[in-house]
Amino acid sequence: MNNFTNTQKEIIKLKEKKDATILAHNYQIPQIQEISDFVGDSFELSKIATEVYNSVVVFCGVHFMAESAKILSPQKKVILPDERAGCPLADMATPDQVRKMKERYPNAKVVAYVNTSADVKAESDICCTSSNAVEVVNSLDTDEVIFLPDQNLANYVSQFTDKDIIPWNGYCISHSRVTIEEVNKTREFHPNTPIIVHPECPKEVKDKADYIMGTGGMVKFAKETDYSKVIIGTEEGLLHRLRRENPGKEFYLLSPSFFCSNMKKITLQGLLSSLKNLSPEVNVPEKTRSKAYQTLEKMLNN
Ligand code: CIZ
C-alpha cells in the first residue's frame with residue numbers, strides 16, 4: 001500500500017466503501033493493473049464477475065468487455081470508467097450486416113468472436129475466444145461457418161478445419177500493423193528466442209512466428225517456459241503482467257505498433273471518478289441480453 005500513489009490509495013478505499021470489484025484487462029496500464037482485484041483476458045474476467053459477491057463490477061477495458069460482464073451478471077451494476085473506450089474491431093460488425101449474411105448463407109452457422117457487441121452476439125449462434133475458436137468451429141453440425149469479425153483469426157481457424165469459413169472483413173488496428181520486416185529484425189537481434197504472436201496478427205506474420213496464442217495462453221507460456229527471454233506480439237500492456245509474474249525472465253515487444261489507444265482511455269483519475277459516481281454504467285436491454293447470453297452459454301457448454 002505504501003508504494004501506491006494517493007489516487008491509487010483513494011481508489012482502494014473507495015472500492016471497499018462502494019462494494020465494488022475492479023477487473024482489469026491484460027492490456028490496461030500498470031497503475032490500474034496494480035490496484036485491480038483481478039487481471040485477465042475479457043472472457044476470464046466476465047466469468048470472474050459472475051463469481052464475486054460485490055454488487056458493483058468496474059471493468060477496466062473496452063465497451064464489449066463490460067457488456068459481456070453485464071450479459072453474464074445482469075443483477076450487478078457494471079461500470080466502464082470511460083464510455084469512449086470502444087473497440088474498432090467490434091464496431092466492424094453490426095447486427096444488420098449479420099442478418100444480411102445469414103440471408104445470403106442460410107445453411108451457415110454464425111460464430112462471433114467475443115470482441116463483438118451484445119447486439120451482434122444476439123444475432124449469432126455461438127461465441128468463441130481466441131483460444132477456443134478452432135474447437136468451437138469444429139463442434140458445429142454445419143459445413144459452412146460465418147466467422148466474425150476478425151479476418152485474421154478466421155484465416156487462422158480455417159487452417160485447422162475442413163469447414164468452409166466465410167470470413168468477415170474486420171481486423172484489430174493494433175494487431176494488424178505488425179510487419180514481417182519487424183519479425184525478421186527481431187530474429188536478428190534476439191536469435192534463439194521464441195516469438196509468440198496473437199492470432200489477430202496478419203497471416204504472414206503468424207507464419208513466421210514460433211507460437212500463436214491469445215493473452216491467456218501467453219501468460220501460461222511465460223510461466224511454464226524454460227526460455228529466459230520471450231518476444232511478445234500483442235498489446236504492450238500485457239508485458240507489465242508478464243514481467244511482474246516472472247521476475248527472472250525478460251520480455252520484449254515485437255513491434256511498437258502494439259498499442260491500443262482505446263484501452264489507454266482508462267486512467268486512474270477516470271477510474272476514481274467512476275467509482276465516486278458509479279457511472280458510466282453499461283446496460284444491455286433484456287431481450288438482447290438473453291439472446292446474447294445463450295451464445296455465450298453455448299460456448300461455455302461446448
Ligand atoms: O478477449 C480478449 O481478452 C482479447 C481482446 C485478447 C486476448 O487474447 O485475450
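Read the numbers this way: they start at 1 and go in the same order the structure lists the ligands and their atoms. Keep in mind that the numbers below use all heavy atoms, side chains included, and drop hydrogens, waters and symmetry copies.
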Which protein N or O atoms sit under 3.5 Å from any N or O of ligand 1? Give each pair with its distance.
residue: ligand 1; atom: 1 (O); partner: S42; partner atom: OG; Å: 2.7
residue: ligand 1; atom: 3 (O); partner: H25; partner atom: NE2; Å: 2.6
residue: ligand 1; atom: 3 (O); partner: S42; partner atom: N; Å: 2.7
residue: ligand 1; atom: 3 (O); partner: S42; partner atom: OG; Å: 3.3
residue: ligand 1; atom: 8 (O); partner: S130; partner atom: OG; Å: 3.3
residue: ligand 1; atom: 8 (O); partner: H198; partner atom: NE2; Å: 2.6
residue: ligand 1; atom: 8 (O); partner: T215; partner atom: N; Å: 3.0
residue: ligand 1; atom: 9 (O); partner: T215; partner atom: OG1; Å: 2.5

request  = Name all residues meeting the ring-ring contact (aromatic ring centres under 6.0 Å, His included) criterion together with H175; count only those two or more places apart in sequence or in a different chain, and write none if there are none.
outcome  = H198, F258
ask   = Is the closest basic N to carboxylate O distance between E235 and K264 below 4.0 Å?
value = yes
ask   = Sequence neighbours excluded, which residues qualify as side chain to side chain donor-acceptor pair (under 3.5 Å) partners of T142?
value = none
ask   = For residues S257 and S255, is any side-chain donor paired with an opposing acceptor at under 3.5 Å?
value = yes
key: Donor-acceptor side-chain pairing of T21 and D37 below 3.5 angstrom   = no
inquiry  = List the residues meeting salt bridge (Lys or Arg N to Asp or Glu O under 4.0 Å) with E224, not counting sequence neighbours, and say none if there are none.
reply    = K220
